[in-house]
Amino acid sequence: ASPPPAAPAQRGFVRSASADLSRNRRPREDSAGPPLSRMGSSSTLPSAFSLDMSFDIFEPRHPKHVRQEREKCQYWGPDKVPAEHLSALKDTWKQCVDQQMITLMFSDKLEEQLAALQSWKMKVSEEGMVVEPVLDMLLKWLTWMIFTANTQVWKAILEVLSCTLKQMEAVGLLLTDREAQILMPNILERSGHNIAAVREGMEALIRQTLAVHPKAKLLPILMQGLLSKNKRSVACAMRGIGE
């Protein structure tokens, strides 16, 4: 009699299976389309996640233009995001990435947050604007993450955003109006951060945003930034208007 089949390997944050096996991973049953891309593993990730951080992006059930039309009046900062909006975002992400990445992205643990951010930075750096179909969702997640007080997380967020905007400019891709509404008010408000390096990073992001969205459309958002209670944020908004 033939020997019984081997038990399947258990999935986890650290896997000993060959990276080749991960390429055969099937799409999630609730995903609405074929995988958009794949990212290789990175040696720069925190040690607990360094062996296999590859992940696929799947098309969400509702395409971006439908999603953005439906959510065009949804509040997303710069003050705290309502819990029901965050819950809806998480549910949509479940259509697009696997449970491991969901766990990292919405974790309360610093190491897991940094692993998720590093993974997205690598995704954008290596595969460019393959993230475009979920860019509005990525910007929502990143700007929500800004509410953390940890400077390591802030630095990682700045790197992902800067890399994304740089890739957009390189291929001539513009932010949609909704994406600009998600991004610009949040980075304007946080441009008044107490740490100089964070302030400089936020101001650099504003300049990058001006390169990937018509300034005439950004002007009302910049003008709104003049109403901030943070004097540094107001000064940054004024410089943005003068660009």
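Between the side chain of Arg61 and the backbone N or O of Gln95, no donor-acceptor pair lies under 3.5 Å. In this structure, Gln167 contributes its side chain and Val124 its backbone to a donor-acceptor pair below 3.5 Å. Listed for the His62 side chain is no donor-acceptor partner under 3.5 Å among the backbone atoms of Arg67. With Glu203 contributing its side chain and Ser191 its backbone, the two residues share no donor-acceptor pair below 3.5 Å. Side-chain atoms of Arg178 do not come within 3.5 Å of backbone N or O of Gln68 as any donor-acceptor pair. Side chain of Ser119 to backbone of Ala115: a donor-acceptor contact under 3.5 angstrom is found. At distances below 3.5 Å, at least one donor-acceptor pair connects side-chain atoms of Lys215 with backbone N or O atoms of Ile241.
Considering only heavy atoms from C-beta on, Trp76 comes within 4.5 Å of Thr143 through its side chain. Taking the side chain as every heavy atom from C-beta outward, Leu142 and Trp120 never approach each other to under 4.5 Å. Residues Trp93 and Val134 have side chains in contact (heavy-atom distance under 4.5 Å, counting atoms from C-beta outward). With a 4.5 Å cut-off on side-chain heavy atoms, Leu117 and Trp141 count as touching. Using a 4.5 Å cut-off on side-chain heavy atoms (C-beta onward), Leu227 and Val234 make no contact. Contact of the Trp154 side chain with the Arg190 side chain is registered, since non-hydrogen atoms from C-beta on lie closer than 4.5 Å. A 4.5 Å side-chain heavy-atom check between His193 and Met202 finds every atom pair outside the cut-off. The shortest side-chain heavy-atom distance between Pro78 and Leu188 does not fall under the 4.5 Å cut-off.
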Show your working on side-chain contact (heavy atoms from CB on, under 4.5 Å) between Gln208 and Ser162 and close with a plain yes or no. CA-CA 8 Å; Gln208 286 184 277; Ser162 179; 3.2 Å; yes
Run the side-chain contact (heavy atoms from CB on, under 4.5 Å) test on Thr209 and Leu165 for me, step by step, so that the C-alpha distance in whole Å, both residues' side-chain angles and the decisive distance to 0.1 Å come before the verdict. CA-CA 7 Å; Thr209 304; Leu165 294 172; 3.7 Å; yes
Kindly determine whether Met184 and Leu222 satisfy side-chain contact (heavy atoms from CB on, under 4.5 Å), including the steps that lead there. CA-CA 8 Å; Met184 189 61 116; Leu222 289 165; 4.2 Å; yes
What do the steps show when you test Ile57 against Val131 for side-chain contact (heavy atoms from CB on, under 4.5 Å), and what is the final call? CA-CA 8 Å; Ile57 303 176; Val131 302; 3.9 Å; yes
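Side-chain atoms of Thr103 and Glu112 form no donor-acceptor pair, as typed in the model, at a separation below 3.5 Å. Side-chain polar atoms of Gln113 and Thr148 form no donor-acceptor pair below 3.5 angstrom.
No salt bridge links Lys64 with Asp136; every basic N to acidic carboxylate O contact stays at or beyond 4.0 Å. Using a 4.0 Å cut-off between charged side-chain N and carboxylate O, Lys229 and Glu189 make no salt bridge. Salt-bridge annotation for Glu71 and Lys140: present, with a side-chain N of the basic residue lying under 4.0 Å from a carboxylate O of the acidic one. Of the charged side-chain nitrogens involved, at least one lies within less than 4.0 Å of a carboxylate oxygen, so that Glu69 and Lys72 count as a salt-bridged pair.
The aromatic ring centres of Trp144 and Phe106 sit less than 6.0 Å apart.
A cation-pi arrangement is not found for Lys80 relative to Phe147, the charged atom failing to lie both closer than 6.0 Å to the ring centre and inside a 45° cone about the ring normal.
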